[in-house]
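Report on one structure; see the data block that follows.
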Amino acid sequence: MTDLSVWRKVGMSDTNLVREFFRTLIGEEGLRVIEGIPDGEITDEELAKITDMKLTSVRKVLYALYEKRIAEYRTERDDESGWITYWWKIDISKVRHIIENDIQHRIEEIRRQLTRERRGMFYQCKCRRITFEEAASLNFWCDLCGSQFEYKDNTKEIKELEEEIASLEQWMRRLRGE
Ligand SMILES: [Zn+2]
């Protein structure tokens, strides 16, 4: 059983859910790094030893975390050898912001799709689905597959998008502990 104490610092009530959600963002190796990293600073070499991962994998994860502003580093140069050491530390509390942003982003994107579906009329041939305007401009005939564009009811598509939004909103509420 994994020690989930690190995830408590995220400040969301359901730590298991936070972990699962974060896995979808950063992957299994990302979780291993975050759960293996001690408080304070650590070098990538040490972290590779602790987590029993390849140095290249650890570095990949660290830079991914760096891009998401969860990890930061400072460098130290050995004057004699010229060797540069990277000291890494992570700020797990940023995860909350990232998760909330990510969900919000997805909800907005789906809402835009939903608006398009609700406003538009859609036509379908054997190879693609296009709007009424596009189909009309092609005289309802698809050159690509050589078939007719026919009106396609999009009630199902609309329902699916609505369900997706509802499920993401539920995620958000559960993560916040509401
Ligand atoms: Zn076609």
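As the structure is a computational prediction, the values presented were derived from the model and not from experiment. Both counts, for ligands and for their atoms, begin at 1 and track the order of listing.
- Counting only protein N, O or S atoms, 4 lie closer than 2.8 Å to the Zn ion (ligand 1).
- In terms of heavy-atom proximity, L62 sits nearest to A71 at O-CB, 4.0 Å.
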Expected list for residues 25-32: side-chain donor-acceptor pairs under 3.5 angstrom, two or more places apart:
unit_1	atom_1	unit_2	atom_2	d
E28	OE1	R23	NH1	2.0
E28	OE2	R23	NH1	3.3
R32	NH2	T51	O	3.0
R32	NH2	D52	O	3.2

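- A search for side-chain contact (heavy atoms from CB on, under 4.5 Å) contacts involving Q104 returns E108, M172, not counting sequence neighbours.
- A salt bridge links R74 to E41: at least one charged side-chain nitrogen sits closer than 4.0 Å to a carboxylate oxygen.
- Using cut-offs of 30° and 60° on the angle between ring planes, the pair Y63 and W88 is perpendicular.
- Shown here are the side chain to side chain donor-acceptor pair (under 3.5 Å) partners of R96, two or more places apart in sequence or in another chain: E100.
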